[in-house]
Amino acid sequence: MRRNRLLVATALFSAALALTACTGISAEAPTSAASTPSPASSSSSPSPAASTETSRTTAAAPVVPAPEDRVAPTCVPGVTLIEQNQGPYYTQGAPERTDITDTAPGTALLLTGYVLDDQCNPVAGATLDFWQADGNGSYDNNGYVLRGVQTTDENGTYALTTVIPGQYPGRTEHVHVKVTAPNGPTYTTQLYFPESNANGGDRFYVPELDVTITSYDGSKMTAHFDMVLPA
Ligand code: FE
């Protein structure tokens with residue numbers, strides 16, 4: 001039953017993306033100079049397509065998902081997070097918060113999950129620094145819209161209230177994150193959405209970093225992704 005629900009939610013999301021592409025409302029081409037993604041600093045690569053966003057190696061009280069949206073941890077001992085390059089749009093100093101939406105346009109997204117060690121034990125006190133484009137594929141490179149840092153609770157859980165990111169040239173929908181265990185190194189990665197029509201055209205996309213869509217009704221999505229840290 002639950003698997004059927006997930007398949008339906010994923011299919012709905014895929015259909016919505018296909019409809020967006022057909023109606024030309026795609027966010028692949030931001031319409032104003034102000035909203036066009038640009039490097040956060042002069043040391044950043046000028047283009048996501050030109051950057052090297054890949055390599056191998058993933059505060060306030062979290063929002064608690066409704067019981068039907070809770071997902072048990074998914075973890076295989078020793079199978080750890082795939083790291084990817086941070087890309088050109090990271091900004092240090094994001095505020096501590098679990099809701100990073102502000103006034104950003106886009107469809108509501110609640111992303112939840114666990115941070116686990118390589119033996120699948122919860123990692124409490126891990127920090128997660130999220131950043132992403134808005135629903136139109138634009139980053140806020142002057143402020144902190146759609147940027148925020150949060151800390152896992154005693155169960156290793158996190159919950160991010162945000163919007164479904166839009167596509168931008170060369171990139172499918174994705175959420176960036178840096179995750180750091182207490183006194184541990186920082187792992188950087190990007191999370192993707194299964195069956196997006198742009199996944200195949202994004203050279204950084206890997207299915208292992210797909211979130212699991214647990215519900216989607218066209219106006220709100222809930223999704224899940226666990227981050228298993230290397231030893
Ligand atoms: Fe990006």
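If you read the sequence from its start, that first residue is 1, and numbering goes on from there. Whatever order the structure lists ligands and atoms in, that order sets their numbers, starting from 1. The figures here come from the full heavy-atom set of this structure, side chains too, leaving out hydrogens, waters and symmetry mates.
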Please name all residues satisfying side chain to side chain donor-acceptor pair (under 3.5 Å) with T101, sequence neighbours left out, ordered by chain then number. D99

Near the Fe ion (ligand 1), is there an N/O/S atom from Y139 that is less than 2.8 Å away? yes

Taking every non-hydrogen atom, the tightest pair across D118 and A231: OD2-CB, 3.3 Å

So, using side chain to side chain donor-acceptor pair (under 3.5 Å) as the criterion, who are the partners of T103 when residues are at least two apart? none

Within a strict 4.5 Å, meaning less than it, do heavy atoms of the V163 and T107 side chains meet? no

Please report, to 10°, the angle around the Fe ion (ligand 1) from atom NE2 (H174) across to atom NE2 (H176). 90°

Using 2.8 Å as the threshold, say whether any N, O or S atom from Q190 sits that close to the Fe ion (ligand 1). no

